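What follows is one structure encoded as structure tokens, with my remarks underneath.
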Amino acid sequence: MADIVRFGVSLENALLKQFDRLIRERNYTNRSEAIRDLIREELLKKEWTEDQEVAGAITYIYDHHQRDLLNKIIDVQHDFHDVIKSTQHIHLDHHNCLEIVAVQGNPSSISRLSNTLKALKGVKHGSLNISGIGQIA
Ligand code: NI
């Protein structure tokens, strides 16, 4: 790891106890790693709200027997081709398909794409996961 800086943090005992309980539940090995992740999360939120470029994945499950759904999904994906990097399709069982759509671009387009897909009749369990594009240390 490059260029580590140590700094002191002062906080109320009760707050520290709650924090330690939280990081235990999340399996962090030490406070530093937990604080690093919290900082990264806040920086990512800032990138998101400032509509800076982010990357991530939209996943959803749908019934491919649902009338016209497949064509609608493909139409939506073409409308958002500028933010879609790749799509992966998995045939889960006789009815259900899982699709993973890798995205990169501005948060407003990505969330519009995610919401449009999730709103299609027959699409279930949609979720959007976002990471930075490597700008955050
Ligand atoms: Ni399928």
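If you read the sequence from its start, that first residue is 1, and numbering goes on from there. When reading the values below, keep in mind they use all heavy atoms of this one structure, side chains included, and skip hydrogens, waters and symmetry mates. Counting starts at 1 for both ligands and their atoms, in listed order. These numbers come from a predicted model, not from an experiment.
Taking the charged nitrogens against the carboxylate oxygens, R40 and D37 do have a contact shorter than 4.0 Å, which makes a salt bridge.
The set of protein atoms (N, O or S) found at less than 2.8 Å from the Ni ion (ligand 1) reads H89 NE2, H91 ND1, C97 SG, by chain and number.
Here the closest heavy-atom approach between residue F80 and residue S109 is recorded as CE2-O, 3.6 Å.
Here the side chains of L22 and Y28 are not in contact, with every heavy-atom distance at 4.5 Å or above. L16 places a side-chain heavy atom less than 4.5 Å from the side chain of R31.
Proximity of a side-chain donor or acceptor of H89 to a complementary backbone N or O of L98 within less than 3.5 Å is not detected.
Ring geometry for H65 against H94 counts as tilted: the plane angle lies between 30° and 60°, on a 0 to 90° scale.
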